[in-house]
Protein chains: 2
Amino acid sequence: MAKIKENKQASTEEKIKEAARKVFTQKGYAATRTRDIAEEAGLNLALLNYYFRSKEKLFEMIMKEKMQQLFGVMTHLLNDKATTLDQKVEQIVSNYIDMLMQNPDLPLFVLSEIRNNTGMFRQLQVGKLIRNSHFVKQLKERQPGLQPLHFIVSMLGMVVFPFVSKPVFQSLEVLSEDSFAEMMKQRKVLVPKWMKAMLKVK
Amino acid sequence: MAKIKENKQASTEEKIKEAARKVFTQKGYAATRTRDIAEEAGLNLALLNYYFRSKEKLFEMIMKEKMQQLFGVMTHLLNDKATTLDQKVEQIVSNYIDMLMQNPDLPLFVLSEIRNNTGMFRQLQVGKLIRNSHFVKQLKERQPGLQPLHFIVSMLGMVVFPFVSKPVFQSLEVLSEDSFAEMMKQRKVLVPKWMKAMLKVK
DNA sequence: GTCTATACAAAGATAGAC
DNA sequence: GTCTATCTTTGTATAGAC
């Protein structure tokens, strides 16, 4: 599915979007100035309002993209009838870590922005999708005593929390950039093993 | 250590600080307007600058308080020579959950603000404190093959991530306020068990 | 110490030339 | 489509009366 027009240099519109992605995810909506975005794009401030009506409209567009990115990783895996529970966990963990290594600011960005604007998620039907998923069904079979949400939150926490807390551990000087990458690589193997062990508890 | 003056109504200075705590932790520095704080305190805007020199100074004061609160929970427990590793985990998990139930916005607040201002943590000597702790020593003895940081990040993730991701799960309509409280109560018991099981893996 | 009114600065949006 | 210059709004800080 290649683009029809594939210019060497991105279009102005795309330059703005790319700059907006970077600045918004790094600093958050409120701390971002439209001037930052224009500068990052190497363009004039007026062009932002020419292509997108306002800061808010531009933000909403980026936000939708980012939420899609964050949930898209797992939604189709959840309903794969062909895989076992353990295989699903392996795939979700591995895919998430790969994606987040490419987008380390993504989780904190989405989590912070949702705080002030809870309505933003309503449109996505992810909630129903999770509740009715094959994954949740398999979970209930394996461990009837455990609330599926406990397991899901734990699994995602194992994967996402390192990215969210990275700045803290780095400034505490207990973690370098390299050792973080190494750690996340190890987690691809460790987390699924841990989750298996957890399901046997009690 | 009771205060000498304990007036029925808080002093103006304390009213401002209390309002600032609330608004800053809910919305973050950039999204907070000094007018919000004044209004929340039921006071005039000019008083903020009378008692604290600027928005930034007021923020720094609150931020120091909040970081103290976040780390204070565990620092003394880490070096308790009288407790076993398992007991330390139980205590840290339990204390953290209790404290965070009272301050649910705290983690996301600190994590977001640190992102833009990494230097803020340098002053705290928490890094060294962790590395040299009795807790880490016990961890290394129990499971020489496992990086202590893996364990610490996992443990904190199990406890903190639910608070950070709560707004998401709530807007996905898979979690109510009541069931969240119930879930965290269960986690006081579950997380230590899980951590024990994880230490046996591999 | 507390308030009202206002100055000043920063940031978003737009007009109009090219 | 892109730019410079400018208007407008919003938010922080201060002056000065009480």
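No hydrogens, no waters, no symmetry mates; every other heavy atom, side chains included, goes into these values. Sequence lines set the chain letters: A, B, ... in the order given, protein chains first and strands last, and positions in each chain run from 1. Every value quoted in this text rests on a predicted model; they were computed, and no experiment measured them.
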For Arg142(B), the side chain to side chain contact (heavy atoms under 4.5 Å, CB included) test, sequence neighbours excluded, returns Leu85(B), Asp86(B), Leu199(B)
Sub-4.0 Å heavy-atom contacts from residues 29-60 of chain A onto DNA chain D, ordered by number: Asn44(A), Ala46(A), Leu47(A), Tyr50(A), Tyr51(A)
For Asn49(B), which residues count as a side-chain hydrogen bond (donor to acceptor under 3.5 Å, both in side chains) partner, sequence neighbours excluded? none
Taken in chain and number order and not counting sequence neighbours, the residues that satisfy salt bridge (Lys or Arg N to Asp or Glu O under 4.0 Å) with Lys17(A) are none
Among residues at least two apart in sequence or on other chains, which ones pass salt bridge (Lys or Arg N to Asp or Glu O under 4.0 Å) with Lys57(A)? none
Please list, chain by chain and in numerical order, all residues satisfying salt bridge (Lys or Arg N to Asp or Glu O under 4.0 Å) with Glu60(B), sequence neighbours excluded. none
